[in-house]
J.: 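Encoded as structure tokens, here's the structure I'll be asking about.
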Amino acid sequence: TLNSMEGKELGFTSDKFCGYLWKLGNTIVISLIESIEPGKGNFKKLIDTIKAKGYTVVIPTPLGKMLDMVQKNGYTQEYIFDAELGGNVEIWRL
């Protein structure tokens, strides 16, 4: 979460972002995130730090600018079954 010890280690702080992400095993799931200062490279730095720490990045059902970003930056689209939702969920994995 924002400003937690783990968040700070990744650069996920409230001076740079609004939103949330979480860790599942060796994966960081970025479900909803907004940069406080778009265009400054904070999101790229966050992703680079996550990857440097050996995590996989997953973004479920990206929309708008996030969809454009995943399509341009090497993410692969997958569908996984979510028993809680009772169906497939779109994710993009880096």
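Start at 1 with the first residue, then count along the sequence.
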J.: Show which side-chain atoms of residues 47-70 pair as donor or acceptor with protein atoms under 3.5 Å away, not counting sequence neighbours.
T.:
{"residue": "D48", "atom": "OD2", "partner": "K44", "partner atom": "NZ", "Å": "2.8"}
{"residue": "T49", "atom": "OG1", "partner": "K45", "partner atom": "O", "Å": "2.9"}
{"residue": "T61", "atom": "OG1", "partner": "E90", "partner atom": "O", "Å": "3.4"}

J.: Enter the distance from I36:CD1 to K16:NZ here, rounded to the nearest 0.5 Å.
T.: 11.5 Å

J.: Quick check: are there more than 12 heavy atoms from other residues, nucleotides or ligands sitting under 6.0 Å from CD of Q71?
T.: yes

J.: Assigning hydrophobic clusters by single linkage (Ile, Leu, Val, Met, Phe, Trp, Tyr; side-chain heavy-atom cutoff under 4.5 Å), is L24 placed with Y20?
T.: yes

J.: Check D82 against E84 and note the closest heavy-atom contact, atom names and distance.
T.: OD1-N, 2.8 Å

J.: Side chain to side chain contact (heavy atoms under 4.5 Å, CB included) between I33 and C18: does it pass, once the steps are laid out?
T.: CA-CA 6 Å; I33 190 170; C18 293; over 6 Å; no

J.: Do L94 and W92 touch side chain to side chain, with heavy atoms closer than 4.5 Å?
T.: no

J.: Verify whether one side chain among N3 and T13 offers a donor that lies under 3.5 Å from an acceptor in the other.
T.: no

J.: Do F43 and I30 touch side chain to side chain, with heavy atoms closer than 4.5 Å?
T.: yes

J.: Report the C-alpha distance between L2 and F12 in whole Å, list the side-chain angles of each, state the deciding distance to 0.1 Å, and finish with yes or no for side chain to side chain contact (heavy atoms under 4.5 Å, CB included).
T.: CA-CA 6 Å; L2 280 168; F12 189 58; 3.7 Å; yes

J.: Who passes side chain to side chain donor-acceptor pair (under 3.5 Å) against S31, sequence neighbours left out?
T.: none

J.: Side chains of F17 and N42: closer than 4.5 Å at any heavy-atom pair?
T.: yes

J.: Can you name the closest pair of heavy atoms from N88 and F81 and give their distance?
T.: OD1-CA, 3.6 Å

